[in-house]
Asker: 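Pasting a structure here, questions to come.
Both backbone and side-chain heavy atoms feed into the values below; hydrogens, waters and symmetry mates do not. Numbers restart at 1 for each chain; the letters A, B, ... are given by sequence-line order, proteins then strands.
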Protein chains: 2
Amino acid sequence: MSLASEGIVQESGTAAGGAGIAVRQKLRIATVNVNGIRAAYKRGMEAWLAERDVDILCLQEVRAPDAIVRELLGDGWHILHAEAEAKGRAGVAIASRTAPVATRDHIGDDYFVTSGRWVEADFEIPSDGGTKTLTVVSAYVHSGQVDSPKQVDKYRFLDVMGNRLTELKTTKDYALVVGDLNVGHTTLDIKNWKGNVKKSGFLPEERAYFDRFFGDEHGWRDVHRSLAGEVAGPYTWWSWRGQAFDNDAGWRIDYHMATPELAAVASDAVVDRAETYDARFSDHAPLVVDYRF
Amino acid sequence: MSLASEGIVQESGTAAGGAGIAVRQKLRIATVNVNGIRAAYKRGMEAWLAERDVDILCLQEVRAPDAIVRELLGDGWHILHAEAEAKGRAGVAIASRTAPVATRDHIGDDYFVTSGRWVEADFEIPSDGGTKTLTVVSAYVHSGQVDSPKQVDKYRFLDVMGNRLTELKTTKDYALVVGDLNVGHTTLDIKNWKGNVKKSGFLPEERAYFDRFFGDEHGWRDVHRSLAGEVAGPYTWWSWRGQAFDNDAGWRIDYHMATPELAAVASDAVVDRAETYDARFSDHAPLVVDYRF
DNA sequence: CATGGTAAG
DNA sequence: CTTATCATG
């Protein structure tokens, strides 16, 4: 079934909102690195989700078998879950209130097939009487470590991701890549950026990928930055260590990357920093954006 | 320094207790498998120890590096600690208020040298103007599993232990072997013994070792059983699973094994089943006995 | 400083 | 069902 047929919220263009005069429909898309969905549920993720009325939920670091993910999320979701081959590691998912019309569970030809770091789901969006395709990706880039094989894998993944970004942008009506990309793009994205210029996550070579992704070469849009403006933060990840969270000594490494046509209909980007919710259920905060078609 | 010179509790034989007329001294010896001393301290072991006024504390399954054991127990103890070679595994210790005059950290020639399952400490006991030697052993027998190499190791350990029991009994004035011996001797020692006759811990072949240890062949005494009488229990271990503790579905696998001369001065054997204390800090309960010289 | 898997109990 | 360690984040 398509989004159009399964009850996407219809908003009216006027106050009265007469029946059938639907003008725009809102699609709320959230991404969050849950750092183990079992731990996240123990810490109150369910309450957050119940309150937030999300249409498409993108998860990273699920770190649980598929059966457990389905049991925890409960009924009412179409769940696409790419587990990592290594048990308890990585794992990305897209849970949607309506069924995707197509799905893909990896990028690249071979190396990243079982890494649990990339899933794609295509949704049908009603448009002027017809439909358009929205591709949503839940991505989890390697965390990296300077002078280690992890860093080599990270660059290799970013290379393959760049290729896929080009394909998505040229073949899909709307495309959105969300997730934990494990790189801060600019000095606005890390509270203590000066102390991290030689650390994986803020290396010049890593940041250059994002210059290309968000620059003329690829032409994607950084939705959260566009809506938040050129200010420091808001961050999406804080170390568990010390008082990083209380001091807001964070990193913005979770993104909504949208093609321009999609970015144009984005609004209300919010980092759910768990002050309005009961608990901090992960070291990452959810990043929630509404798209109106 | 010997016990005699470091302030063992002197008890008087009469109500008045005139100075210098010390008749008997009490030595309180406790054994407990702590199942990780760090976890035990988090669960309230310190409160138990503070309340119990123990002179010699024998520990099994310490499962922590020596520095941590010393930090947790704090000042005022002489600590003898045999770590296992494998980190976080086994480990036995004897903590005493007075210093031992000699110590040994294993049994056998080679195989069990780094297993962290046997420590011996010799203490001097004043006796008729002179001194006698009390050897205290903290022992941790393998837990075993039928048809596995663990069971082979368990029998091998019990064999070597039997040899050492003979040596101790013939060479020491008083000898006491305490600890988690991981075998229930008789049907009184396991609540559900019928369901466990084929399980490691209550195998006929294992029980036969204890028939010999406590029979004419070795001639040791089961202090706790002697004082408790021929009744079911009291048990010293309960599985964490289910309601085993609440239902008192336990095993008596922790012992005070004493040479006859020592057993003759034993009194007040108590299993600290954690109803009188704040918390159950281990799956084993401490077994505390007073010896009066 | 947290996650889950693991071996061991 | 709990322990500590491990690799990973």
Asker: Name all residues meeting the side-chain hydrogen bond (donor to acceptor under 3.5 Å, both in side chains) criterion together with B:Arg70; count only those two or more places apart in sequence or in a different chain, and write none if there are none.
Answerer: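 With sequence neighbours excluded, B:Arg70 shows a side-chain hydrogen bond (donor to acceptor under 3.5 Å, both in side chains) to B:Asp66, given in chain and number order.
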Asker: Whole angstrom is fine here: how far is it from CG in A:Leu59 over to P in C:dT3?
Answerer: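 Nearest whole value for this atom pair: 16 Å.
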Asker: Heavy atoms under 4.0 Å is the rule here; annotate nucleotides 2-9 of chain D 5' to 3' with B where the base is hit, S where only the sugar-phosphate is, and - elsewhere.
Answerer: SBSSS-SB
Asker: Name all residues meeting the salt bridge (Lys or Arg N to Asp or Glu O under 4.0 Å) criterion together with A:Asp153; count only those two or more places apart in sequence or in a different chain, and write none if there are none.
Answerer: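 If we apply the salt bridge (Lys or Arg N to Asp or Glu O under 4.0 Å) test to A:Asp153, skipping adjacent residues, there are no hits.
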Asker: Of all residues at least two apart in sequence or in a different chain, which pass the side chain to side chain contact (heavy atoms under 4.5 Å, CB included) check with A:Ala64?
Answerer: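 Result, side chain to side chain contact (heavy atoms under 4.5 Å, CB included) vs A:Ala64: A:Ile37, A:Arg38, A:Val62, A:Ile68, A:Val69.
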Asker: Residues two or more places apart in sequence or in another chain: which of them pass side chain to side chain contact (heavy atoms under 4.5 Å, CB included) with B:Thr186?
Answerer: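 Here the qualifying residues are B:Leu188, B:Asp189.
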Asker: Calculate the interatomic distance between A:Glu85 atom CD and C:dG5 atom C1'; express it in whole Å.
Answerer: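 Answer to the nearest Å: 15 Å.
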Asker: Nearest whole angstrom, please: distance from the P of C:dA2 to the CD of A:Gln243.
Answerer: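 That distance rounds to 11 Å.
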Asker: For A:Arg241, what residues pass the side chain to side chain contact (heavy atoms under 4.5 Å, CB included) criterion, not counting sequence neighbours?
Answerer: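 In terms of side chain to side chain contact (heavy atoms under 4.5 Å, CB included), with neighbours along the sequence ignored, A:Arg241 is linked to A:Ser239.
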Asker: Without decimals, in angstroms, what is the distance between A:Ile68 CD1 and C:dT3 C1'?
Answerer: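 Spelled out: CD1 on A:Ile68 to C1' on C:dT3 is 14 Å.
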Asker: Starting at NZ of B:Lys154 and ending at P of C:dA8, how long is that distance when rounded to a whole Å?
Answerer: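 Value for this atom pair: 16 Å.
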Asker: Determine whether the aromatic ring centres of residues A:His142 and A:Phe157 are separated by less than 6.0 angstrom.
Answerer: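 Distance test on ring centres: under 6.0 Å, yes.
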Asker: Rounding to an integer number of Å, can you tell me how far B:Asp153 CG sits from C:dA8 P?
Answerer: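 In whole Å, C:dA8 P and B:Asp153 CG are 11 Å from each other.
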